[in-house]
Each structure stands twice: as C-alpha cells, then as structure tokens.
Amino acid sequence: MNVNLSKKVALVTGAARGIGKAIADILADNDAYVIYTDIDLATATQSASKSPHCKAMGMDVTDEMQVRAVTAEIVREYERIDILVNNAGVNTLQHRVPIDQFPRDEWDRILGVDLTGVYIVSKVVAGVMRSQGSGRIINIASVVGSVPLRLQCAYVAAKAGVVNLTKSMAIELGSDGITVNAIAPGSTLTKSTKDLFYGEDGKFKDSVNQLLAHIPVGRPGTPDEIAHAALFLAAPEASYINGTILNVDGGWTAGYAREF
C-alpha cells in the first residue's frame, strides 16, 4: 500500500519496537517525517536510523511537562504535527489474577500509561492541530476494550477507556479538521505475546491452541498488519473516517469461531 505522506510530520509514541516501530517505519516509508518517541531512547534511536527523515526523542507519556517539551521542540523544527499515533502501552505478565488479588500499584501503572498517557499526549498535540486546522490522531486500543478477557482487569479497563476516549475526541475535534480513530489489534506477534504464548518459553504456551481457536484465521497478526491499518487511517483519502474503531483481529470479535 502506497500513500502520499510527503511533507507530513508524524509523532509516534512507543516507537522503539513492536507495533509502534512498525507504524513509524511504514509512515517513513511513505515519505512522512517521523519522530520516534519512547521512554527507551537508545532503542528508539536505533529504530529511527533507517531514514534521514526520521529522528528519535525520549518521552514518557505519563509526564505532561516532558510531553509539552518534546511537542514544542517538534513544532520548532517542523512547524506542525500532522499525524499522532498514540501507541505507547504496557500490560502485566506477573499479575494475571482476579481483581481481588490485583495489586493497586499495577492498576495505577497500567492505567497511567495506557489511558492517561493517551489523554496527556492527545491534549498537548490536539492544541497544535487545532491551531493549524488539521490533523490525524490514531489511538492503539485493543479488542479487549470491547470484548474483555479474564484476569486482565487493568488492561481491559484502560483499553475500554481508549475506545470511548477516541469517540469523544472525534466529536470534539472533527469540526477543527482533526479526525480521531482507533485501531483495536487482536493477538499480535510481538515480544510480549511471545513471552506469554508463542515463544518456546512462553508462560502460557500450553494455552496457545485454545487462544487460536478464537481467531477465525487461525494465527496471530503481525506488527506490519497493524501498521498497514494505521497507514490507511493516516492517508489523505481517509479524510471522512472519524470516530471509528478498526478491529484488526483476524475475526476475533466477529463472533464465536468454535462449535458448541
């Protein structure tokens, strides 16, 4: 898929690796100027080295002062921000437990990055986009924001929040020329899912067939497949898509894939 993003400026959070890197890469491949932001600046710098149009900046999405400083620096250098991808997110490997056993500090950590982080970055960047009269905001949600899973109360709550925050922002910002949409990936082959399911040492590798039974296409997605969805939403031709949650999940949320 080829999209003309020439002279567009894109800010991607959590871009050092995984889905964020794949999205940043595909935007750069389509001629956007891309700022790879991540709390892990060293890895983000390595990821951004693919093109002279790319640069890396360290940014913690939970730190509003830092977000404002990074945003101001981008605007000083490029004079605008056309595309924001809110990808930065965390989950927990250790605490897959019922809510009565779920630690409060883990709840705060996950909600802080996965939901409050989206709010903070969007709040800051939306001001820039409103002043220029245009912009695209793409939030990375999850299928669990619509179809919850057991033993992940914080992540489910955060992603459900992202789903409706996306719709709320779409209503608020559409008249300013800013579209706001979200992508809801299903199970995607990243380092974290390898640690859980798909790697030889995956914590829940014995449950992988049960997981795949819920996915009609019978496999996890790839970061590149999520990135192509982001490229579609960033394309000039997607200008009338606003407030949409795009499931990229192999059919996970379409209905039951197994017989009863």
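Quick note: residue numbers are just sequence positions, from 1.
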Is a donor on one side and an acceptor on the other found under 3.5 Å between the side chain of [X] and the backbone of [Y]?
X	Y	result
Lys159	Ala154	no
Asp63	Met65	yes
Asn242	Ala170	yes
Glu106	His95	no
Ser122	Tyr119	no
Asn139	Ala141	no
Asp38	Ala15	yes
Ser168	Asn164	no
Ser131	Val128	yes
Arg136	Leu233	yes

For [X], does the [atom1] atom sit with more than 12 other heavy atoms under 6.0 Å from it, leaving out its own atoms?
X	atom1	value
Arg80	CZ	yes
Gln101	CD	yes
Ile99	CD1	no

Contact check, side chains of [X] and [Y], non-hydrogen atoms, under 4.5 Å:
X	Y	value
Ile241	Thr179	no
Pro98	Leu151	yes
Leu11	Val125	yes
Lys7	Asp31	no
Val61	Ile120	no
Asn86	Ile138	no
Val34	Lys8	no
Asn30	Asn4	no

### Query
Between CD1 of Ile74 and CD of Glu79, what distance do you get to the nearest 0.5 Å?
13.5 Å
### Message
Let me confirm one number: the OG-CG distance from Ser187 to Asp249, rounded to the nearest 0.5 Å.
### Response
10.5 Å
### Message
Checking Ser142 now: which residues fulfil side chain to side chain donor-acceptor pair (under 3.5 Å) with it, not counting sequence neighbours?
### Response
none
### Query
By side chain to side chain donor-acceptor pair (under 3.5 Å), which residues pair with Thr62, not counting sequence neighbours?
Asp60
### Query
Please walk me through it: do Asp82 and Ser134 pass side chain to side chain donor-acceptor pair (under 3.5 Å)?
CA-CA 7 Å; Asp82 299 290; Ser134 64; 4.6 Å; no
Taking every non-hydrogen atom, the tightest pair across [X] and [Y]:
X	Y	value
Tyr155	Asp114	CD1-OD2, 3.4 Å
Thr13	Ala88	OG1-N, 2.9 Å
Ala22	Asp224	CB-OD1, 3.8 Å
Ser47	Ala16	OG-O, 2.6 Å
Leu115	Val162	CD1-N, 3.7 Å
Asn87	Gly14	ND2-O, 2.9 Å

Can a salt bridge be assigned to the pair [X] and [Y] using a cut-off of 4.0 Å between side-chain N and carboxylate O?
X	Y	answer
Asp29	Lys50	yes
Asp105	Arg109	no
Glu225	Arg219	yes
Arg17	Asp40	yes

### Message
Do Ile83 and Phe232 sit in one hydrophobic cluster, given that two such residues count as connected whenever their side-chain heavy atoms are within less than 4.5 Å of each other, even indirectly?
### Response
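The answer is yes; both residues are in one hydrophobic cluster.
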### Message
Is there a path of hydrophobic side-chain contacts, each under 4.5 Å between heavy atoms of I/L/V/M/F/W/Y residues, joining Val248 to Val217?
### Response
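Cluster IDs for Val217 and Val248 differ.
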### Query
Does the side chain of Asn181 come under 3.5 Å of the side chain of Thr166 through a donor N or O and an acceptor N or O?
no
### Query
In terms of side-chain heavy atoms, does Asp25 have a donor or acceptor partner in Tyr36 at a distance below 3.5 Å?
yes
### Message
Does the plane of the ring in His53 sit parallel, tilted or perpendicular to the ring in Tyr33? Use 30° and 60° as the thresholds.
### Response
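Plane angle between 30° and 60°, so tilted.
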